[in-house]
Amino acid sequence: MPREIPKAYEPQEIEERWAKAWFDEKLFRAENSADGPPFSIALPPPNVTGSIHVGHLLEHTQIDMLVRWHRMRGNRTLWLPGMDHAGIGTQYVVERELAKQNLRRQDLGREEFERRVWQWKGESGGQIKGQMIRLGASCDWTREHFTLEPKLYRAVLEAFLRLYREGLLYRGPYMVNWCPRCETAISDLEVVHIEQPGKLWHLRYPVSGSREFLIVATTRPETMLGDTAVAVHPDDERYQRYIGKSVVLPLMNREIPIIADTYVDREFGTGAVKITPAHDPNDFQIGKRHNLPEIDVMTDDGHMNAAAGKYAGSDRFDARKRIVSDLEALGLIDKIENITHAVGVCDRCKSEAEPRISIQWFMTMKPLADAATKAVLGGLIEVVPENQRTVLLNWYANIHDWCISRQLWWGHRIPIWHCECGEMVPALNSSVEIVDGHARAAAIPVKCPKCGGGKLTQDPDVLDTWFSSSLWPFSTLGWPDDTPDLRTYYPTSLLVSGYDILFLWDSRMIMMGLHLTKGAAPKDRVPFRRLYLHSLVRTAEGAKMSKTKGTGVDPLQLTQQYGTDALRYMLASMAAPGTDIILSEDRILGARAFANKIWNAARFLFVNLDKVEAAGLTSDPAAGLPAAREILTLDELAAPEIRANAPYPVPGEGALAHRWIYSRLAAVSQQASSALDGFRFHEACQSIYQFFWGDFCDWYIEWVKPQLTSSDRQVALAAWRNIFAALDAALRLLHPVMPFLTEELWHRLPQPAGARSIALEKFPEPQPRWIDTAADDSMAILQEIVVAARNIRAEMKLDPRKKVAADLFVTGPMRRTLVEENMDAVLRLASLSELRVTSGHPGAASEKNGGIVRSTAAFDLRIAYGEAIDKQAEIARLKKKVEELEKDIKSKQARLADQNFTSKAPEKIVDALRATLEERQLELKKLHDRLKQLDRD
RNA sequence: GGGCGGUUAGCUCAGCGGUUAGAGCAUCCGGUUUACACCCGGAAGGUCCUCCGUUCGAAUCGGAGAUCGCCCA
């Protein structure tokens, strides 16, 4: 029965089919009762608003490779997926939609707005899930979670209430970053600094009761309306006499004191600075020290408020212009400098963030950071690459309290009720109830424990998205309940994340995990035992891939073009830890070619087997097969139990290549596993690529081709069995990186009834019986001979189809036997009609115009051909080689002559150097002989 | 201002104390080898950014500088 296998590899149909099958069959469902040590990874939950970009694909490819690899090694493997509600991000997107209808969220009211967001989430959210399924992520979709679902809401309530009772959460008026567009506080980490051209205005503040001025510099003149002091350094001689006096704040005509504070940098500007405690974090601190009033001059949406006098109602940037021009009119602008400075903007909407005092919830971080530091220092979490460990520890060391409240409507509402008397009453417990399909706190306090009042209103704020994210590795496993999943899979084995969210997410999970989970020892409470920070995909200019900037590349489109496997391979092959990735068209093409190569190698085997079968059936002498030949069937050659016992000894002299390919298989399996264990995906890819294309296709298949159609049934049988088993092993090696292609091909091999997927098979382990260093060495020599012959042929510009005779001079009987035993393969691969093997060196045996010679220390190969060779070219080539060799030999001799080297370097190194020197000298001698001979001829 | 990373072949990148520094792509030469032209065979191509140091030995370790990029303040 012919096995239909298309000539060109067409990934689309294959990938869609398997993606669907894997999902429908729940193939990657983790079984708690299964054998094997658990291996668990929580997916960094993508924003529910998002669609996948190449950055995700890089992350998912790396996770998926590790997950598939572990699954194939027999681990009880769980990759837990889910989505993040992405508070500010999602709200921003929905608000943008509303704005198209000229609506603001305030127009709808909180409940209606929330309803709209849920509606939007239902329609557009979760796109990523479909994309991940299509791209082959082997997640356990039966365990999918969403940060706003009831179970996770409950975890958030539990965490909040516990931290609150422990006194780690507090509320009060502090300086925060405020986004006037989103109208919410944002954390330090959500403010990004962008270098921009700007101006530095030098303002003249008249000193009260004098004609003098103090000059202060500012990049934000509008904040002057809220100035409540001017500060100088206490030791600054220039200003001694002003300390204690006051200035008249221009435009506002308010007297404000001149104070002394060591915070002031005498070198900056004039050494006098305006102090606006309500609009600058440093000024806020100074204000506290000096008991200065805090005058907030702005509204939530970035307009000037009543405290701004006549500027009230103006947009903050309009106000800036007006103030500057008013000051100019009054002659109070000393000068204006053009500068570049970093402006903090809201990470989400890119509006300029405003430092501002507002009442917010904060989390005390110091004790948690200390515990986390201890865990990381104690090696309870291994950080890869290692330098990121220092970055993490430094961040913990300089940690600030975390502003966890957001003035948003989309998120986990803070479970605190405020009484009219000012008392704050937390929810009674963490239970949740479902209203309209969505969760909210159920245990609502009805009476104030302090004043007994019954008028309690819930805090309007919601929690920072990252609060719920920080619970992700355990909340998704059932925490705070003691569930089988939590017991089995927590701590998770590994977290794979981009280093861009090390502070936002990774660091906070470590703190929360250590603090909140139940394990007796810290090692049982860390959220993950290893932390691998992967690279980011960047544009050619080095910018982060970003959809908003239009630099994001749609991976699904690339998939259409090149195939998912190729894309995955390309990303993995570039994923060296610690270096960012710039997408390259060439690399994708190379990966696609690789996929095609794999496809065709498999195709070759199946197609040829068809031929062998057909020939056997018809006993067609034209096919070169004897009539008596028995039919070979695929089952006989490649049944699972047959493959399991490979390699089979090949009778006669054709065994070498088989011994060698299995030896290579052992080495490559070992390399791949150790590379994956160290997150060196590029290394794993490279060694598998080299194995498949170089060893398996270029040498092994080519070498054994004739055996596959051998008239000796035993030879053909063993050869086929070995090659199928090797292909099977190669597919399993390749599976973690190229899941679709390997799945498709694997199913074309005979499999036991009910076999579901290559993903559930074993990853190749190096078998001791495969390792064969003698075969490695022998094969290496034969390959060198073949390459030397091809080299000479190319040099002589021989027609590749033309077979010629050659002479081989070898030393040692072993080598001679080796070549003679493998003569057929060598002749065929080197396109030789004959190879005369002689012991010793050419020299005397050489004839006039003796063709071209290639020499290594082990052999000399000569092809003599009727026509004259380009003698000058050959001499030039030899001379260049001589030069290189002489240089090398000289440096080696010098080093060996150096007492310092021979006495201090390890013996092994010295001996090795001596041996290579000898080889080189032999090569050089051969080159000289050859040159002399050419000269003579 | 502080910290981190890059600088290696024309391009994209490996290698990170001890072979004549590698790969893929591009280039050049030769091929319709019935698995694959997304292929096969061959070749050419490098002051490993600069300087100083450590070492028997440095692309690899340390210091300084140049340059590009990232993060934090």
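Lettering follows sequence order; numbering is per chain, from 1. These numbers come from the heavy atoms of this one structure, side chains and all, not from hydrogens, waters or symmetry mates.
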Check the pair A:Ile501, A:Asp506 against side-chain contact (heavy atoms from CB on, under 4.5 Å), reporting the backbone distance first and the verdict last. CA-CA 7 Å; A:Ile501 52 172; A:Asp506 310 354; 4.3 Å; yes
All N/O pairs under 3.5 Å across the protein-nucleotides 54-61 of chain B interface:
residue, atom, partner, partner atom, Å
B:rC56, OP1, A:Lys904, NZ, 2.5
B:rC56, O4', A:Asn900, O, 3.3

Just the atom pairs and distances: protein N or O near nucleotides 42-48 of chain B's N or O, under 3.5 Å.
residue, atom, partner, partner atom, Å
B:rA43, OP1, A:Asn791, ND2, 2.8
B:rG45, OP1, A:Lys880, NZ, 3.3

List, with names and distances, any nitrogen or oxygen atoms from the protein found under 3.5 Å away from nitrogen or oxygen atoms belonging to nucleotides 7-13 of chain B.
residue, atom, partner, partner atom, Å
B:rU12, O2, A:Arg587, NH1, 3.2

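Scored by the side chain to side chain donor-acceptor pair (under 3.5 Å) test, A:Ser187 finds A:Glu190 as partners (sequence neighbours excluded). Every residue two or more places apart in sequence or in another chain was checked for a ring-ring contact (aromatic ring centres under 6.0 Å, His included) with A:Phe691, and none qualifies. By the ring-ring contact (aromatic ring centres under 6.0 Å, His included) test, A:Trp402 is found to be paired with no residue, residues two or more places apart in sequence or in another chain being considered. A:Phe692 meets the ring-ring contact (aromatic ring centres under 6.0 Å, His included) test with A:Phe696; sequence neighbours excluded. For A:Asp580, the salt bridge (Lys or Arg N to Asp or Glu O under 4.0 Å) partners are A:Arg538, not counting sequence neighbours. The ring-ring contact (aromatic ring centres under 6.0 Å, His included) search around A:Phe679 returns A:Tyr532, not counting sequence neighbours.
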Considering only distance and modelled atom types, tabulate donor-acceptor pairs under 3.5 Å from the side chains of residues 874-882 of chain A, sequence neighbours left out.
none

Kindly list each side-chain donor-acceptor pair under 3.5 angstrom involving residues 905-922 of chain A, sequence neighbours excluded, with atom names and distances?
residue, atom, partner, partner atom, Å
A:Thr916, OG1, A:Ala912, O, 2.7
A:Thr916, OG1, A:Leu913, O, 3.1
A:Arg920, NH1, A:Asp888, OD2, 3.0

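A gap of 13 Å separates the P atoms of B:rA43 and B:rG24, to the nearest Å. Comparing the C1' positions of B:rC13 and B:rG53 gives a spacing of 30 Å, expressed to the nearest Å. When the P atom is compared between B:rG63 and B:rG5, the two are found 11 Å apart, to the nearest whole Å. Rounded to whole Å, the P atom of B:rG10 lies 23 Å from the corresponding atom of B:rG69. Comparing B:rC11 with B:rU27, their P atoms are spaced 15 Å from each other, to the whole Å. Between the C1' atoms of B:rA26 and B:rC38, the separation comes to 16 Å (whole Å).
Here B:rA35 is the nucleotide among B:rC70, B:rA35, B:rA73 with the atom lying nearest to any side-chain atom of A:Lys705. Comparing B:rA35, B:rA73, B:rC39 against the side chain of A:Ala593 picks out B:rC39 as the nearest. Here the side chain of A:Lys597 is nearest to one of B:rC4, B:rA35, B:rA73, namely B:rA35. Of the candidate nucleotides B:rA23, B:rA35, B:rC40, B:rA23 has the atom nearest to the side chain of A:Gln686.
When side chains are defined from C-beta on, A:Leu589 does not count as touching A:Phe594, because their heavy atoms never get closer than 4.5 Å.
Considering A:Leu734, A:Val737, A:Leu571 as possible partners of A:Cys685, the one that fulfils the side chain to side chain contact (heavy atoms under 4.5 Å, CB included) test is A:Val737.
Below the 3.5 angstrom threshold, one finds no donor paired with an acceptor across the side chain of A:Glu683 and the base of B:rA23.
Look at A:Asp677 and A:Arg680 and you find no salt bridge, because none of the NZ, NE, NH1 or NH2 atoms lies under 4.0 Å from a carboxylate O.
Here B:rA21 presents its C1' atom at 13 Å from CD of A:Glu884, a figure rounded to the nearest Å.
Relative orientation of the A:Trp720 and A:Phe724 rings is parallel, given thresholds of 30° and 60° on the angle between their planes.
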Starting at the 5' end of RNA chain B, write a dot or bracket for each base, bracketing those in Watson-Crick or G-U wobble pairs whose two distances are under 3.5 Å and using | for partners on another strand. (((((((..((((....[...)))).(((((.......))))).....(((((..]....)))))))))))).
